[in-house]
Amino acid sequence: MDVIVTNLQGIFVDPKFVRDVVVQVLRLQGYPAPPDVGVALVDDAYIRVLNREYRGSDYATDVLSFRLDDGGGPGAGGAARGGGEAEPPVLGDIVISVQRARDQARQFKQTLRREVAMLAIHGVLHLLGYDDETEAAASVMWARQKELLDTILGAADGRDPARGPR
C-alpha cells in the first residue's frame, strides 16, 4: 500500500497529514491493506485545466478523482507477490486545489487543514464508487463523508461536510 502526496503549489499543507487522512478513510471503508492512491495538491489554474479536459467544465473546482482500478472493492487483491499474498489494487488519483480549499475554509470559518481533510475524504469516496450526481446519491455520499470527517478529526465545526464540496 502506498499513498503518495505530491505538492505542486505554494500554500503549505502537511503531506503526511493528507496521507494519514486517506489511509484512515480506506481502513474505515474496509480495506485492511489500503490500495495505492496518489494525491496531488495543486492550484486553481492546474485543476481548471483538468476539469476542462476530463469533465468538460471550464472552471476551477475543489477536488477531482480519477479511478484506475477495476472496482474490485475492499480487500480485493491484484497480482500475487512473492509468498502468495495479493497486492492491493491501484485505486486512483485525487487532485485537490489547495487555493480553492483555502478560500472555502475562510468562507466557512474553519481551518485549511479541516477543509483539505474533507476534500481528501470526498475524493477517496469517489474512488470507492460513491457518486454525488443525483440528490439521493449525494445525500448518501455526504452523510458518509461527515461520519468519516467526524471520526478522523472530531465533531464538525464550521462548514457542514454533509453539504459536500462546492
Side-chain angles (χ1 to χ4, degrees), residues 1-44 47 60-69 71-76 87-133 135-166:
M1 179 272 303
D2 210 1
V3 174
I4 299 172
V5 179
T6 305
N7 190 358
L8 302 173
Q9 53 81 55
I11 301 167
F12 178 75
V13 174
D14 182 1
K16 183 183 180 317
F17 168 73
V18 175
R19 182 191 182 285
D20 290 347
V21 168
V22 171
V23 168
Q24 288 181 63
V25 170
L26 290 167
R27 289 196 175 132
L28 290 166
Q29 287 296 114
Y31 284 84
D36 290 348
V37 174
V39 180
L41 305 174
V42 303
D43 61 16
D44 279 355
I47 206 164
T61 189
D62 49 11
V63 61
L64 292 171
S65 297
F66 298 92
R67 188 178 172 134
L68 299 177
D69 80 340
E87 276 186 42
V90 175
L91 193 56
D93 294 313
I94 300 167
V95 182
I96 297 171
S97 171
V98 178
Q99 189 176 358
R100 174 94 20 234
R102 181 191 59 197
D103 293 347
Q104 290 173 175
R106 287 177 181 157
Q107 178 183 356
F108 294 102
K109 296 177 179 45
Q110 68 176 358
T111 65
L112 175 59
R113 177 181 171 96
R114 188 170 190 87
E115 186 72 14
V116 167
M118 187 182 73
L119 295 175
I121 291 166
H122 191 84
V124 172
L125 290 177
H126 273 305
L127 293 180
L128 295 176
Y130 283 78
D131 182 13
D132 57 3
E133 294 299 316
E135 191 173 321
S139 179
V140 169
M141 181 177 187
W142 296 339
R144 183 61 181 146
Q145 177 178 297
K146 181 179 182 347
E147 290 171 9
L148 290 164
L149 186 66
D150 289 351
T151 298
I152 294 168
L153 293 185
D157 59 354
R159 178 173 175 186
D160 181 1
R163 295 197 54 223
R166 303 226 181 325

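Source: prediction; values computed, not measured.
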State the [atom1]-[atom2] distance between [X] and [Y], to the nearest 0.5 angstrom.
X      : Y      : atom1 : atom2 : value
Arg27  : Ile152 : CZ    : CD1   : 11.5 Å
Arg67  : Asp93  : CZ    : CG    : 13.0 Å
Leu112 : Asp14  : CG    : CG    : 11.0 Å
Asn7   : Ile96  : CG    : CD1   : 10.5 Å
Ile11  : Asp43  : CD1   : CG    : 8.0 Å
Glu133 : Met141 : CD    : CE    : 9.5 Å

The criterion is salt bridge (charged side-chain N to carboxylate O under 4.0 Å, His left out); which residues satisfy it with Asp103, sequence neighbours excluded?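 Partners of Asp103 by the salt bridge (charged side-chain N to carboxylate O under 4.0 Å, His left out) criterion come out as none, since no residue qualifies.
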4.5 Å side-chain heavy-atom contact, [X] and [Y]:
X      : Y      : answer
Ile121 : Arg144 : no
Asp36  : Ile4   : no
Ile47  : Gln99  : no
Val63  : Arg100 : no
Met118 : Phe108 : no

For Glu115, the option from Gln104, Arg106, Gln107 that meets side-chain hydrogen bond (donor to acceptor under 3.5 Å, both in side chains):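 Among Gln104, Arg106, Gln107, the one that satisfies the side-chain hydrogen bond (donor to acceptor under 3.5 Å, both in side chains) with Glu115 is Gln104.
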Check the pair Gln24, Thr151 against side-chain contact (heavy atoms from CB on, under 4.5 Å), reporting the backbone distance first and the verdict last. CA-CA 9 Å; Gln24 288 181 63; Thr151 298; over 6 Å; no
His122 and Asp62: side chain donor to acceptor below 3.5 Å: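 Side chains of His122 and Asp62: no pair found under 3.5 Å.
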Can you see which heavy atom on Ala120 is nearest to which on Val21, and at what distance?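 In this case the closest contact between Ala120 and Val21 is CB-CG1, 4.2 Å.
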Testing the basics here: between Pro35 and Pro89, what is the closest heavy-atom pair and its distance to 0.1 Å?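 That would be CB-O, 2.7 Å.
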Among all residues two or more places apart in sequence or in another chain, which pass the ring pair (Phe, Tyr, Trp, His ring centres under 6.0 Å) test with Phe66?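 With neighbours one apart ignored, the set is Tyr54.
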Given Leu41, which of Leu8, Val5, Ile94, Val95 fulfils the side-chain contact (heavy atoms from CB on, under 4.5 Å) condition?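 The single option meeting the side-chain contact (heavy atoms from CB on, under 4.5 Å) with Leu41 is Val5.
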